[in-house]
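Note that the structure is predicted; figures quoted are calculated from it, not measured.
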Amino acid sequence: MIELRTEEEIEILRENNLLVSRTLAEVGKHIKPGVKTKELDRIAEDYIRSHGAVPAFLGYEGYPATLCVSVNEQVVHGIPGDYELKEGDIVSVDCGTFMKGFCGDSAYTFGVGEVAEEVSRLMAVTKEALFKGAEQAIAGNRVGDIGYAVQTHAEKHGYSVVRELVGHGIGRKMHMSPEVPNYGARGRGPLLKKGMVICIEPMINMGTRHVVWGRDGWTVSARDGKPSAHYEFAVAVGAGKPDILTTFDYIEAELNQTSN
């Protein structure tokens, strides 16, 4: 069943998602060659707890960490560990919070040092596809309108859309109805209504769309070993326009400061 949220509940969801945004910005400060992914995880957990929330991913269906840290061909759900980031890597950092009875969930793909131009383009197009999808999150549209917008933008640039993993509703639980695929047909799927809150999260591969699961039971990687990018934010469906509950501004301000 798809639940609709009151304005008060949406504000708590916004609070959670802005905390995720700030956590990702804090993590982004430390993304550089030589840093172990488990160190990023420690930073995120400390930051979340110090701001009155708990990590939503830690222990979720047995998941062992605060962050999902997915490097290069890893699409999503990479478990932080002893891997040391290298110049030219890209790393998707997915983070969730739980506070005041509601969840936050967002992801951002970071470049480590100088990234190859073709990889940088993949990241840019994936982020653009996220915003194209979000533009469709208005009452009266359908979930398929979001997926169609994401898919069309990604494929127009020669990339492929992962199909085995999808976006989702969010509220008191991390994953709720409806599923929000990153592909689809306009006018199809569940009707979008004011008060629905969903996470849109394009997972876009440079090569083919096919993926494989790692032996750890979590990490999903592009089967052909080519890079994959992933961005995610939460959106409240609005009457005339979407209400994006997450912001990348904190992250990008930090990245701009680091590059200057």
>> Checking T66 now: which residues fulfil side-chain hydrogen bond (donor to acceptor under 3.5 Å, both in side chains) with it, not counting sequence neighbours?
In response: none
>> side-chain contact (heavy atoms from CB on, under 4.5 Å), that's the test. Do T37 and D82 meet it? Break it down for me.
In response: CA-CA 6 Å; T37 56; D82 287 321; over 6 Å; no
>> For the backbone of M99 and the side chain of N16, can you confirm whether one donor and one acceptor N or O come within less than 3.5 Å of each other?
In response: yes
> Hey, what do you get for CG (N141) to CD (E135), rounding to the nearest 0.5 Å?
Replying inline: 11.0 Å
> Any side-chain heavy atom of I90 within less than 4.5 Å of one from V71?
Replying inline: no
> When rounded to the nearest 0.5 angstrom, what is the spacing between CD1 in I244 and CG in N17?
Replying inline: 11.5 Å
> Do L130 and V150 pass the side-chain contact (heavy atoms from CB on, under 4.5 Å) test, and can you show the C-alpha distance, the side-chain angles, and the key distance before you say yes or no?
Replying inline: CA-CA 6 Å; L130 170 58; V150 171; over 6 Å; no
> For residues D216 and H77, is any side-chain donor paired with an opposing acceptor at under 3.5 Å?
Replying inline: no
> Within a reach of under 6.0 Å around CD of E179, are more than 12 heavy atoms found that belong to other residues, nucleotides or ligands?
Replying inline: no
> Just checking, R22 and Y47: is the charged tip under 6.0 Å from the six-membered ring centre and within 45° of the axis?
Replying inline: no
> Step by step, would you call D94 with H230 a side-chain contact (heavy atoms from CB on, under 4.5 Å)?
Replying inline: CA-CA 9 Å; D94 196 348; H230 172 220; 3.4 Å; yes
> Closest approach of L19 and A53, non-hydrogen atoms and distance?
Replying inline: CD2-CB, 3.6 Å
>> Main chain of A253, side chain of N256: is a donor-acceptor contact present, judged purely on distance under 3.5 Å?
In response: no
>> For the CD atom of Q136 and the CG atom of L192, what is their distance to the nearest 0.5 Å?
In response: 9.0 Å
> Is the closest side-chain heavy-atom distance between E164 and R209 below 4.5 Å?
Replying inline: yes
>> Using side-chain heavy atoms (C-beta onward) and a distance below 4.5 Å, is L40 in contact with V27?
In response: yes
> Per the salt bridge (Lys or Arg N to Asp or Glu O under 4.0 Å) rule, which among R5, K194, R14 passes with D243?
Replying inline: R14
> Do side-chain atoms of D145 reach the backbone of G187 as a donor and acceptor pair under 3.5 angstrom?
Replying inline: yes
>> Could you check whether any side-chain heavy atom of D105 comes within less than 4.5 Å of a side-chain heavy atom of M174, counting everything from C-beta outward?
In response: yes
>> With a 6.0 Å cut-off on the ring centroids, do F233 and F248 count as close?
In response: yes
>> In this structure, would Y231 and I198 fall into the same cluster of hydrophobic residues linked by side-chain contacts under 4.5 Å?
In response: yes
> CD/E128 to CZ/R121 distance, rounded to the nearest 0.5 angstrom?
Replying inline: 11.5 Å
> So if you build clusters from Ile, Leu, Val, Met, Phe, Trp, Tyr with side-chain heavy-atom gaps below 4.5 Å, do F110 and F131 land together?
Replying inline: yes
>> Going by salt bridge (Lys or Arg N to Asp or Glu O under 4.0 Å), K127 matches just one of E201, E252, E232. Which one?
In response: E252
> Can you tell me how far OG1 of T126 sits from NE2 of H153, rounded to the nearest 0.5 angstrom?
Replying inline: 8.5 Å
> Sub-3.5 Å donor-acceptor pair from the side chain of Y60 to the main-chain atoms of P64, do we have one?
Replying inline: no
> Is there side-chain contact between S160 and I204, with at least one heavy-atom pair below 4.5 Å?
Replying inline: no
> When you measure from the side chain of S70 to the backbone N and O of G78, does any donor-acceptor pair fall under 3.5 Å?
Replying inline: yes
> Does any N or O in the side chain of N182 come within less than 3.5 Å of the main-chain N or O of V161, such that one atom is a donor and the other an acceptor?
Replying inline: no
>> Looking at D224 and T208, would you say the former's side chain and the latter's main chain have a donor-acceptor pair under 3.5 Å?
In response: yes
>> For a 4.5 angstrom cut-off between non-hydrogen side-chain atoms, does H168 reach K173?
In response: no
> At what distance, to the nearest 0.5 angstrom, does CD of E73 lie from CZ of R223?
Replying inline: 14.0 Å
>> Set out, in order, the CA-CA distance, both residues' side-chain angles and the distance that settles side-chain contact (heavy atoms from CB on, under 4.5 Å) for I146 and I200, then state yes or no.
In response: CA-CA 8 Å; I146 296 172; I200 305 172; 4.0 Å; yes
> Which heavy atom of C68 sits nearest a heavy atom of Y63, and at what distance?
Replying inline: CA-OH, 3.4 Å
> Within a radius of less than 6.0 Å around CZ of R188, do more than 12 heavy atoms belonging to other residues, nucleotides or ligands occur?
Replying inline: no
>> A side-chain contact here means heavy atoms from C-beta on lying under 4.5 Å apart; do E45 and L58 qualify?
In response: yes
>> Please determine whether residues Y83 and F57 belong to a single hydrophobic cluster, defined as Ile, Leu, Val, Met, Phe, Trp and Tyr linked transitively by side-chain heavy-atom distances below 4.5 Å.
In response: no
> Cluster question for you: counting only ILVMFWY and a side-chain heavy-atom cut-off of under 4.5 Å, with indirect links fine, are V125 and V119 together?
Replying inline: yes
>> Tell me if a side-chain donor or acceptor on T23 pairs with a main-chain N or O of A44 at a distance below 3.5 Å.
In response: no
>> Is there a path of hydrophobic side-chain contacts, each under 4.5 Å between heavy atoms of I/L/V/M/F/W/Y residues, joining L191 to V197?
In response: no
> Within a strict 4.5 Å, meaning less than it, do heavy atoms of the M196 and L4 side chains meet?
Replying inline: yes
> Between K32 and E87, is the closest basic N to carboxylate O distance under 4.0 Å?
Replying inline: no
